[in-house]
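All heavy atoms count here, side chains included; hydrogens, waters and symmetry mates do not.
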Amino acid sequence: AVVSTQSTGSGVGLRASKKIVSKSRLFREEPLIAGQYSWGIVYGYEACHHCLKSLETPLEMLRRLTKDKSVSLPLPDHLPSVDVSLFSFCPGCKGSFCSEKCLKTALAQYHSPVCTKGDPEHPLIKLDELWRNMHYPPETTSLVMIVKIIGLVIVTGKIPEIFGEFYQVVEKRGTTHKVLKPEFISQLDLLRDGLLQIFGSNSLVQQLLIRENFISLIALIGMNGQGIGTSSFADYCKRVEGLPLTKDEKENLDNRIEALYDKIDEEVGRFTDVEGTGLYEIQSKLNHSCSPNVQIVYSSSNHELSVEALRDISEGEELCISYLSCCQLDSSRHSRRKFLLENYLFECECEKCTAQIDDPDVTSDEEEEEYSEEEDMECS
């Protein structure tokens with residue numbers, strides 16, 4: 001193994017077990033549980049209910065995002081094929097899965113006890129409507145995740161041990177995450193009451209939904225949940241951009257793809273992908289640095305993540321990702337630390353923040369606007 005779990009100054013972390021070369025893959029991991037955002041499902045972002053793989057062809061996705069049925073793709077001969085005959089559907093709720101394997105895995109792990117059985121008046125459907133009325137896009141947590149966790153607990157007859165480790169992090173940092181501010185607690189109580197009415201007869205679910213535990217669960221997803229994004233259109237773009245083209249062909253292709261992304265941006269803005277959240281056992285141990293040495297990528301077009309090196313890494317060096325966006329990483333030390341404290345409940349003491357300790361504790365108007373947008377996302 002190229003990584004090992006070790007204690008760090010901030011708790012548990014991952015370190016390099018040997019020297020790692022830049023751009024190499026350290027590990028792949030599937031989540032313990034993952035779910036697509038509720039609003040994405042409503043708006044037609046068709047995806048596998050289990051692995052979140054997009055079920056649209058690149059052209060179907062492009063035409064939906066641009067709201068233009070006449071738009072076309074360059075180099076159509078290189079479009080990946082989508083074999084719809086491989087798709088499977090839950091016999092109860094008719095939920096879509098990319099394969100029989102994903103359907104069987106979902107039914108065996110969590111789906112059976114939470115299936116809505118095709119009933120449009122099912123309490124879970126009504127609760128999902130309530131959730132969406134509370135949490136407008138962009139989302140960062142999802143009722144879908146919580147329901148799948150409940151299904152997992154019912155199927156296995158136990159609360160997974162790994163959740164104890166997650167809860168320890170929450171308890172250590174305190175449950176003062178932004179979504180747990182007083183103005184949101186009443187909403188969470190409505191959600192909790194609804195779940196108890198549906199699943200409260202199960203003693204383990206009762207334990208999971210004790211108010212304190214439920215709040216910790218929400219904080220857990222908010223702090224440890226890893227965002228997932230899949231897109232058949234983006235996969236197509238990567239595929240054709242790697243083709244052996246002449247300089248003129250390459251320039252023409254880049255211009256056409258850029259024009260398509262501009263057209264998408266006019267209609268849906270940043271909402272281009274199938275989006276969701278996953279809880280990962282190994283990835284969750286990666287701490288933050290404002291100078292990260294690894295990054296998370298989704299190269300399998302589903303919920304499986306890969307962790308790749310951004311630079312050469314020495315044996316014994318801690319592996320760190322960034323919890324911030326690329327733009328945020330370029331902002332002031334004060335802005336970065338403020339956002340991390342409010343959203344992840346820790347004061348960053350990474351190498352970059354330590355080196356900038358004498359910088360003014362100020363946030364520019366431009367940064368304030370950007371961070372306000374990010375905070376809105378965290379609360380949604």
Side-chain angles (χ1 to χ4, degrees), residues 1-32 34 51-53 140 162 165-166 169 223-231 234-243 272-331 333 335-337 339-340 343-344 346-356 374:
V2 297
V3 301
S4 61
T5 303
Q6 294 185 16
S7 297
T8 68
S10 54
V12 176
L14 296 181
R15 295 188 180 276
S17 301
K18 60 183 181 180
K19 184 177 179 180
I20 298 171
V21 178
S22 178
K23 299 182 180 180
S24 61
R25 180 186 294 129
L26 283 67
F27 62 87
R28 290 180 173 178
E29 184 180 16
E30 292 190 359
L32 299 167
C51 76
L52 275 66
K53 179 179 180 178
T140 53
I162 186 63
E165 296 181 23
F166 286 140
V169 174
M223 291 190 292
N224 289 93
Q226 170 62 42
I228 300 171
T230 66
S231 168
D235 290 343
Y236 156 79
C237 292
K238 292 176 185 175
R239 180 173 182 169
V240 296
E241 287 170 354
L243 293 174
T272 58
D273 298 346
V274 171
E275 295 184 342
T277 301
L279 288 172
Y280 297 81
E281 183 174 0
I282 301 174
Q283 174 273 336
S284 67
K285 295 180 173 66
L286 287 167
N287 290 314
H288 164 82
S289 172
C290 297
S291 299
N293 53 14
V294 295
Q295 66 176 349
I296 293 169
V297 296
Y298 290 93
S299 56
S300 300
S301 303
N302 57 24
H303 64 192
E304 181 188 72
L305 62 75
S306 297
V307 173
E308 298 181 353
L310 290 169
R311 57 172 175 79
D312 290 346
I313 302 171
S314 302
E315 180 179 351
E317 186 178 347
E318 184 177 6
L319 305 172
C320 293
I321 57 175
S322 170
Y323 298 171
L324 304 175
S325 68
C326 293
C327 292
Q328 288 174 325
L329 283 175
D330 292 330
S331 62
R333 174 182 185 270
S335 297
R336 299 195 310 269
R337 298 181 87 238
F339 182 84
L340 290 167
N343 292 278
Y344 295 95
F346 70 91
E347 294 183 326
C348 186
E349 303 293 346
C350 72
E351 183 179 347
K352 183 175 180 178
C353 286
T354 301
Q356 297 175 342
E374 293 288 345

### Query
Heavy-atom count around Glu351 CD within 6.0 Å, excluding the residue itself: above 12?
no

### Task
Evaluate whether atom NZ of Lys18 has more than 12 neighbouring non-hydrogen atoms of other residues, nucleotides or ligands under 6.0 angstrom away.
no

Could you give the distance from [atom1] ([X]) to [atom2] ([Y]), rounded to the nearest 0.5 Å?
| X | Y | atom1 | atom2 | value |
| --- | --- | --- | --- | --- |
| Asn287 | Glu318 | CG | CD | 5.0 Å |
| His288 | Cys350 | NE2 | SG | 5.5 Å |
| Asn224 | Leu279 | CG | CG | 7.0 Å |
| Phe27 | Glu308 | CZ | CD | 11.0 Å |
| Gln295 | Leu26 | CD | CG | 11.0 Å |
| Ile228 | Cys51 | CD1 | SG | 9.5 Å |

Heavy-atom distance under 4.5 Å between the side chains of [X] and [Y], does that happen here?
| X | Y | answer |
| --- | --- | --- |
| Asp312 | Val21 | yes |
| Leu319 | Val307 | no |
| Pro292 | Leu310 | yes |
| Thr230 | Lys53 | no |
| Cys290 | Cys348 | yes |

Of the non-hydrogen atoms in [X] and [Y], which two are nearest, and what is the gap between them?
| X | Y | value |
| --- | --- | --- |
| Ala309 | Ile20 | CB-CG2, 3.8 Å |
| Glu281 | Ser284 | O-OG, 2.9 Å |
| Thr272 | Ser231 | O-OG, 4.5 Å |

Between the side chain of [X] and the main-chain N/O of [Y], is any donor-acceptor distance below 3.5 Å?
| X | Y | answer |
| --- | --- | --- |
| Lys238 | Ser299 | no |
| Ser322 | Leu324 | yes |
| Arg15 | Ser4 | no |
| Arg333 | Cys353 | yes |
| Glu29 | Ile282 | yes |
| Glu304 | Arg28 | no |
| Ser314 | Glu317 | no |

### Task
Establish, from distance only, whether the side-chain atoms of Gln226 and Gln283 form a donor-acceptor pair under 3.5 Å.
yes

#### Entry: Flag for Gln356-Arg336: side-chain donor and acceptor within less than 3.5 Å
yes

### Aromatic plane relationship, Tyr323 with Phe346 - under 30° parallel, 30 to 60° tilted, over 60° perpendicular
perpendicular

### Query
Between Val294 and Leu14, does a side-chain contact (heavy atoms from CB on, under 4.5 Å) hold up when you go through it step by step?
CA-CA 11 Å; Val294 295; Leu14 296 181; over 6 Å; no

#### Entry: Cationic N near anionic O, under 4.0 Å, Glu349 to Arg337
yes

